[in-house]
Amino acid sequence: MATNNQHAVVRKDGRGDTLSKLMHDLCHRLPTAAKVGETTLSMHVSAEARDLSGESLSRYMNDLYGRIFSMMSSPDPAEKLGGIYAIDELIDVQLGENAAKFSRFANYL
């Protein structure tokens with residue numbers, strides 16, 4: 001999943017590392033493993049949206065959207081499916097910018 005690492009945001013608090021692991025987990029070829037990662041991704045993004053504000057939240061969301069776009073653009077079917085799992089899980093997460101999020105996800109699909 002090298003394409004997703006190009007979007008990694010490295011932070012001292014490990015948030016970038018956690019997001020990398022969660023996005024990687026979504027690409028597991030076993031549906032049950034992807035579902036576990038999917039639920040955790042939703043909880044992680046919700047927590048980040050509560051903890052971050054302004055420019056920090058914007059950078060985090062741009063990183064997340066970039067990773068999902070990379071997954072959806074990948075020739076690897078497991079990565080594409082991981083991107084679909086991520087979109088499915090995040091579509092209901094309240095991020096304060098739902099219209100832009102819906103439009104972005106629709107374009108990815």
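The figures here come from the full heavy-atom set of this structure, side chains too, leaving out hydrogens, waters and symmetry mates.
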### Heavy-atom side-chain contact between Arg59 and Asn62 under 4.5 Å
no

### Query
Under 3.5 Å, side chain of Asp88 to main-chain N/O of Ile84, donor-acceptor pair present?
no

#### Entry: Charged N-O contact under 4.0 Å between Lys21 and Asp17
no

### Message
Looking at Ser42, is its backbone amide N or carbonyl O close enough to the side chain of Ser46 to form a donor-acceptor pair, meaning the two atoms are under 3.5 Å apart?
### Response
yes

### Message
Restricting to non-hydrogen atoms, name the atom on Ile68 and the atom on Gly83 that form the minimum distance, rounded to 0.1 Å.
### Response
CG2-O, 4.2 Å

### Query
About how many Å separate CZ of Arg67 and CD of Glu79, when rounded to the nearest 0.5 Å?
12.0 Å

### Query
To the nearest 0.5 Å, how far apart are CD in Glu89 and CE in Met43?
9.0 Å

### Task
Measure the NE2-OG1 distance between His44 and Thr18 for me, rounded to the nearest 0.5 Å.
5.5 Å

## Note on the structure
dist Tyr60:OH -> Tyr65:OH (nearest 0.5 Å) comes out at 10.5 Å

### Query
Distance-only, no hydrogens or angles: does the Ser74 side chain make a donor-acceptor pair with backbone N or O of Ser70 under 3.5 Å?
no

### Query
Who pairs with Leu81 by side-chain contact (heavy atoms from CB on, under 4.5 Å), at least two apart in sequence or on another chain?
Tyr85

### Task
For Leu90 and Leu41, work out which heavy atoms get closest and say how close.
CD1-CD2, 4.0 Å

### Message
To the nearest 0.5 Å, what is the distance between CG on Leu64 and CD on Glu48?
### Response
10.0 Å

### Query
For Gly82 and Met71, which heavy atoms make the closest approach, and how far apart are they?
C-CE, 3.2 Å

## Note on the structure
Here the pair of heavy atoms bringing Ala49 nearest to Leu57 is CA-CD1, 3.8 Å

### Task
First locate atom NZ of Lys80, then atom CG of Leu109, and finally report the distance between them rounded to the nearest 0.5 Å.
10.5 Å

